[in-house]
Amino acid sequence: MANTITSVVASDELSKSWSPFSAEYNAVERMTIPLVQEVVYEVNQLSPLDAPDDIAFDNGCGTGAVTIILKTAFPNLKLISTDISEGMIEQVLTKVKERGWKNVEARVLDAADLKGIADSSITHTFSTFMLCLASEPHQILNEMYRVTKPGGILGFATWADPYFGFWTTPWTKACRELDPEYGPPYVMEPAWTLLDSVGMRLQEAGFKEVNLHHATSMWQWNSVQEAVDWFLEAGHPRNVVISRSWTERGRDIEEIKLGFTRALAEAYEQDDGKMAGPCIACIGTARK
Ligand SMILES: C[S@@+](CC[C@H](N)C(=O)[O-])C[C@H]1O[C@@H](n2cnc3c(N)ncnc32)[C@H](O)[C@@H]1O
């Protein structure tokens with residue numbers, strides 16, 4: 001398989017919401033990469049990724065967390081990397097070019113309709129931190145099952161907390177100082193984040209030997225201020241939901257900045273002025 005540059009744009013609100021954010025996604029990727037490394041390790045333990053006819057799939061690849069780890073460890077592995085967002089795929093294609101990776105097909109594709117990927121064609125399907133943020137998770141899971149080879153492995157990760165407490169806990173503390181009635185919104189559905197529920201959904205889609213567990217990555221920032229600025233300005237689609245839950249009450253973001261900065265510092269600031277806090281995921285494997 002040669003490197004291909006294709007753009008089959010599934011243009012909807014979702015792809016539009018992630019695309020402007022793609023240049024800022026590297027800040028997230030530095031926190032997802034250790035979790036993704038663990039997923040790749042667990043998959044490789046079950047079914048080594050070095051057979052000549054292996055084909056891996058990074059579904060909802062973002063800026064390429066799985067892709068980077070796979071191509072670094074297994075340079076000859078055939079890999080299809082797809083995402084609904086054109087901006088994310090542009091970032092992956094830049095990495096493919098800069099790092100000289102071969103056998104990577106990166107293209108825009110909606111995971112709810114994996115056009116061009118044949119039934120039972122993938123030996124190792126990966127999907128990390130996409131399903132819990134996507135609009136049609138049932139259909140996406142069915143599509144992942146369809147394209148995976150019988151006996152093939154799924155390497156999987158979702159966030160484990162529907163509120164994504166890393167941001168929401170300090171944010172809520174700050175909001176309640178000004179408005180005790182404030183309640184935070186879910187930023188992801190409990191059904192696609194809570195461990196038992198996610199495991200059940202994988203089984204309902206047909207996957208067997210589902211083995212999910214919690215894992216934590218510490219999200220590091222150079223300073224609390226850097227984190228506050230990124231949260232408010234980078235445009236992560238789910239952080240926008242959190243901010244909007246305040247402005248929809250007729251309040252101003254400026255009012256909350258100081259309290260949010262203080263609450264983040266209380267929770268996560270370190271002696272050297274840097275900041276680090278835990279993000280909890282459900283990660284693991286399953287087999288078709
Ligand atoms: C949080 S990022 C995860 C990226 C990467 N897998 C990682 O682990 O860092 C979620 C990605 O899912 C993509 N996404 C959301 N819905 C999608 C869909 N229906 N089909 C394909 N990609 C989708 C977004 O564009 C975004 O790049």
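Counting starts at 1 for both ligands and their atoms, following the listed order. Note that the structure is a prediction, hence the values are computed from the model and not measured.
Close contacts between ligand 1 and Leu109 involve ligand atoms 20 (N), 21 (C) [criterion: under 4.0 Å to a heavy atom]. Close approach of ligand 1 to Gly62 (heavy-atom distance below 4.0 Å) involves ligand atoms 4 (C), 27 (O). Close approach of ligand 1 to Ser85 (heavy-atom distance below 4.0 Å) involves ligand atoms 25 (O). Atoms of ligand 1 lying under 4.0 Å from any heavy atom of Ala65, numbered from 1 in the order shown and given with element: 7 (C), 8 (O), 9 (O). Atoms of ligand 1 lying under 4.0 Å from at least one heavy atom of Thr128, given by number and element, are 3 (C), 5 (C), 6 (N), 7 (C), 8 (O).
Nearest-residue assignment for atom 25 (O) of ligand 1 (options Asp83, Thr158, Val39; heavy-atom criterion): Asp83.
Sorted by first then second residue, the salt bridge (Lys or Arg N to Asp or Glu O under 4.0 Å) pairs that include residues 209-223, not counting sequence neighbours, are Glu209-Arg287.
The distance criterion of under 3.5 Å between nitrogen or oxygen atoms is met by Thr32 with respect to ligand 1. Between Ala111 and ligand 1, at least one pair of N/O atoms sits closer than 3.5 Å.
Within the structure, ligand 1 lacks Val66 among the residues with a heavy atom less than 4.0 angstrom away. Look at Met88 and you'll find a heavy atom under 4.0 Å from some atom of ligand 1. The shortest heavy-atom distance from Asn59 to ligand 1 is not under 4.0 Å.
Only the backbone of Cys61 comes within 4.0 Å of ligand 1, counting heavy atoms alone; no side-chain atom from C-beta on gets that close. Of the heavy atoms in Leu133, only side-chain atoms (C-beta onward) come closer than 4.0 Å to ligand 1.
Taking the ring centroids of Tyr186 and Tyr163, they lie under the 6.0 Å cut-off.
Ring planes of Phe260 and Trp167: tilted class, angle from 30 to 60°.
Atom NZ of Lys274 sits in a sparse spot, with 12 or fewer heavy atoms from other residues, nucleotides or ligands closer than 6.0 Å.
With sequence neighbours excluded, the residues satisfying ring pair (Phe, Tyr, Trp, His ring centres under 6.0 Å) with Phe166 are Trp219, Tyr268.
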